[in-house]
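One structure below.
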Amino acid sequence: MIKLTEKIGYGLGDMASSMFWKLFGAYLMIFYTDVFGLPAAAVGTMFLITRVWDSLFDPVVGIIADRTHSRWGKFRPFLLWLAIPFAAIGVLTFTTPEIGSTGKLIYAYTTYSLMMMVYSAINVPYASLLGVMSPHPKDRNTLSTYRMVFAYIGSFIALLLFMPLVNLFRGISGELADERRGWTLAVAVIAILCALLFFGCFAWTRERVEPIREKANDLRQDLKDLKHNKPWWILLGAGIAALIFNSIRDGATVYYFKYFIVEEGYADITLLGIPFVLSGLYLAVGQAANIIGVILAAPLSNRFGKKDTYMGAMILATLLSIIFFWLDKTDLRQIFAFQVIISACAGCIFPLLWSMYADCTDYSEWKTGSRATGLIFSSSSMSQKFGWAIGTAITGWLLAFFGFRANVAQSEEAINGIRMCLSILPAIGSFLSAVFIAFYPLSYKKMSEITTELESKRKNKSDYA
């Protein structure tokens, strides 16, 4: 039985990861174009190159984690070792040096590549923890729900407070140097909090599930087993498509409110004495709705099954995203209402994805007798990176194609491109994700049979010596 403290502890890890992940998704593109000073097309290409490379790095981390042995286990030590590097490199990523256009591009490639690599190095082992904290699918569903709730709470806090922090630290001078300082210091506040959360996750979690085979397979055998794991391939495709859906919407949001809605024309909304801008509220409302989706995931999947729940959520998100294109900039109530429903749909699918990855680990062990938890869970991070790479690259290229120029009034073509990034293009991603998951074969009944058989084998390890 997993205690409440440990469930919360596991959630703290994704709370930390999600704070930075959402800052990357919502603000890094506009930071690079409007603050750092890079062309949109160059940023899109950089995102594609660095994230594709980093996606290939994820399985390497999984392989290393599977072969790690310490007094803290296989996966928990990475949380302890990498919390501070994660925070420090995150701050450097949002720092603007005065080194010329070419130097800035090199700096952006270097710091962002390092950031994504350290993100993989801490997040892949963290995700893999789900497969070894408990052998029971229901426990994993619960842990996955806690994980996603805390992830979205972290995202909500980061997105709600980030621009107020930027405004606080940059002051009122309006100078670009002050603007850049404001961004760096705001990220530093988030970074310190993330490091503390990773330490808490390390302290409050435990690894329990032992593999049937004490000796790990060689790498070639692990890769061969993975190659024939059909559910894994299906989840990989579904995850990439889902992240394309999310990344395009997140990456274009600030552009949408800055250039289409023209949020500067609206008075700041003040809560508890803190002034918030429309784009920040829109993103924060989305995170709150994500939490609603996460909470609904377990009861819906228990009644309708993971597969049908996932498909239903993605199909609804597809339809609403298409309709979103025709909303006018004065339709703020409808814009926020659609954000709530679409985000709830997105929140619903991600705990199901994590739970299904854990099922894939058991499925592989059931078929082969070998448990490559880190390698299989690295695919979840890999799909995130691939999906985000494609989505953000498309966003940058589309902005450039339609003639976007930073910090000036946009042409009608550029505005239409920005609107498409919150509607039509994400709808393609969500539809493809639903198509992939339609072929997922591991039903609740099948997983119950697999879990029972694996527990029996673990009690008789001598049979697998």
Side-chain angles (χ1 to χ4, degrees), residues 20 22-47 50 87-115 158-192 250-268 274-283 392 395-396 399-400 402-411 414-415 417-418:
F20 260 125
K22 279 299 178 181
L23 291 185
F24 298 151
Y27 290 108
L28 194 55
M29 171 73 80
I30 201 165
F31 168 76
Y32 279 138
T33 59
D34 290 27
V35 181
F36 200 84
L38 295 177
V43 177
T45 301
M46 183 193 73
F47 280 153
T50 56
I89 298 173
V91 175
L92 291 177
T93 302
F94 280 90
T95 299
T96 305
E98 295 293 344
I99 50 178
S101 299
T102 301
K104 282 184 180 180
L105 190 59
I106 294 171
Y107 179 87
Y109 267 90
T110 302
T111 54
Y112 187 63
S113 295
L114 288 173
M115 184 65 240
L159 293 175
L160 187 65
L161 295 181
F162 184 67
M163 287 311 299
L165 285 172
V166 171
N167 293 335
L168 173 66
F169 289 123
R170 73 181 174 188
I172 60 174
S173 71
E175 296 293 329
L176 184 57
D178 293 331
E179 176 85 8
R180 291 168 173 171
R181 185 186 68 246
W183 281 74
T184 303
L185 293 177
V187 172
V189 172
I190 302 296
I192 292 170
D250 283 352
T253 291
V254 180
Y255 292 95
Y256 184 84
F257 278 88
K258 181 175 181 178
Y259 297 109
F260 176 58
I261 301 296
V262 191
E263 63 184 353
E264 288 185 357
Y266 293 85
D268 289 339
I274 302 174
F276 298 101
V277 295
L278 282 176
S279 56
L281 287 174
Y282 178 89
L283 289 165
T392 50
T395 304
L399 289 172
F402 283 103
F404 169 81
R405 292 186 300 140
N407 298 314
V408 299
Q410 303 301 314
S411 66
I415 292 297
I418 292 171

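When a residue number appears, it is its place in the shown sequence, counting from 1. For clarity, every value in this text was computed on a predicted model and none was experimentally measured.
Distance CG/L159 to CG/L281: 11.0 Å, rounded to 0.5 Å. Here T395 contributes atom OG1 and I418 contributes atom CD1; the two are 10.5 Å apart, rounded to the nearest 0.5 Å. A distance of 7.5 Å separates OG1 of T33 from CG of N407, quoted to the nearest 0.5 Å. Taken to the nearest 0.5 Å, the CG atom of D250 stands 11.0 Å off from the CG atom of L23. Rounding to the nearest 0.5 Å gives a distance of 10.5 Å between CG of L38 and CE of M29.
Qualifying side-chain contact (heavy atoms from CB on, under 4.5 Å) partners for A41, counting only residues two or more places apart in sequence or in other chains: A400. In terms of the side-chain contact (heavy atoms from CB on, under 4.5 Å) criterion, V262 has no residue partners (sequence neighbours excluded). Every residue meeting the side-chain hydrogen bond (donor to acceptor under 3.5 Å, both in side chains) condition with R170, not counting sequence neighbours, appears here in chain and number order: N167, E179. When the side-chain contact (heavy atoms from CB on, under 4.5 Å) test is applied to S113, the partners found at least two apart in sequence or on another chain are T50. For F260, the ring pair (Phe, Tyr, Trp, His ring centres under 6.0 Å) partners at least two apart in sequence or on another chain are Y256. Residues forming a ring pair (Phe, Tyr, Trp, His ring centres under 6.0 Å) with F404 (at least two apart in sequence, or on another chain): Y255, Y259. Residues meeting the side-chain contact (heavy atoms from CB on, under 4.5 Å) test with I89, sequence neighbours left out: T93, L114, M115, V118. Checked against side-chain hydrogen bond (donor to acceptor under 3.5 Å, both in side chains), Y27 has no partners two or more places apart in sequence or in another chain. Take S279 and apply the side-chain hydrogen bond (donor to acceptor under 3.5 Å, both in side chains) test, not counting sequence neighbours, and it matches E263. Residues that satisfy the side-chain hydrogen bond (donor to acceptor under 3.5 Å, both in side chains) test with Q410, not counting sequence neighbours, are absent from this structure.
Pairing each heavy atom of F169 with each of A186, the nearest pair is CD1-N, 3.7 Å. I30 and W183 make their closest contact through CG2-CH2, 4.1 Å (heavy atoms, listed as atom of the first residue, atom of the second, distance). Taking every heavy atom of both residues into account, V91 and A191 meet most closely at CG2-CB, 3.8 Å. Listed here is the closest heavy atom pair of V187 and F94: CG2-CG, 3.4 Å. For the pair V254 and A26, the tightest heavy-atom approach, listed with the atom from each and the gap, is CG2-O, 3.4 Å. Of all heavy-atom pairs spanning F20 and G90, the tightest one is CZ-CA, 3.8 Å.
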Starting from the C-alpha separation in whole Å, work towards a yes-or-no answer on side-chain contact (heavy atoms from CB on, under 4.5 Å) for K22 and F162. CA-CA 11 Å; K22 279 299 178 181; F162 184 67; over 6 Å; no

After noting the C-alpha distance and the side-chain angles of F47 and L28, does the key distance pass the side-chain contact (heavy atoms from CB on, under 4.5 Å) rule? CA-CA 10 Å; F47 280 153; L28 194 55; 3.8 Å; yes

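In this structure, L165 and L185 have side chains that are not in contact, with every pair of non-hydrogen atoms separated by 4.5 Å or more. The closest side-chain heavy-atom distance from Y107 to L92 is below 4.5 Å.
For residues 23-47, the pairs satisfying salt bridge (charged side-chain N to carboxylate O under 4.0 Å, His left out) are D34-K258, with sequence neighbours left out.
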Check residues 96-104 and write down every donor-acceptor pair under 3.5 Å in which the side-chain atom is one partner and the other belongs to a residue at least two apart or another chain.
{"from": "E98", "atom 1": "OE2", "to": "R180", "atom 2": "NH1", "distance (Å)": "2.7"}
{"from": "K104", "atom 1": "NZ", "to": "F36", "atom 2": "O", "distance (Å)": "3.2"}

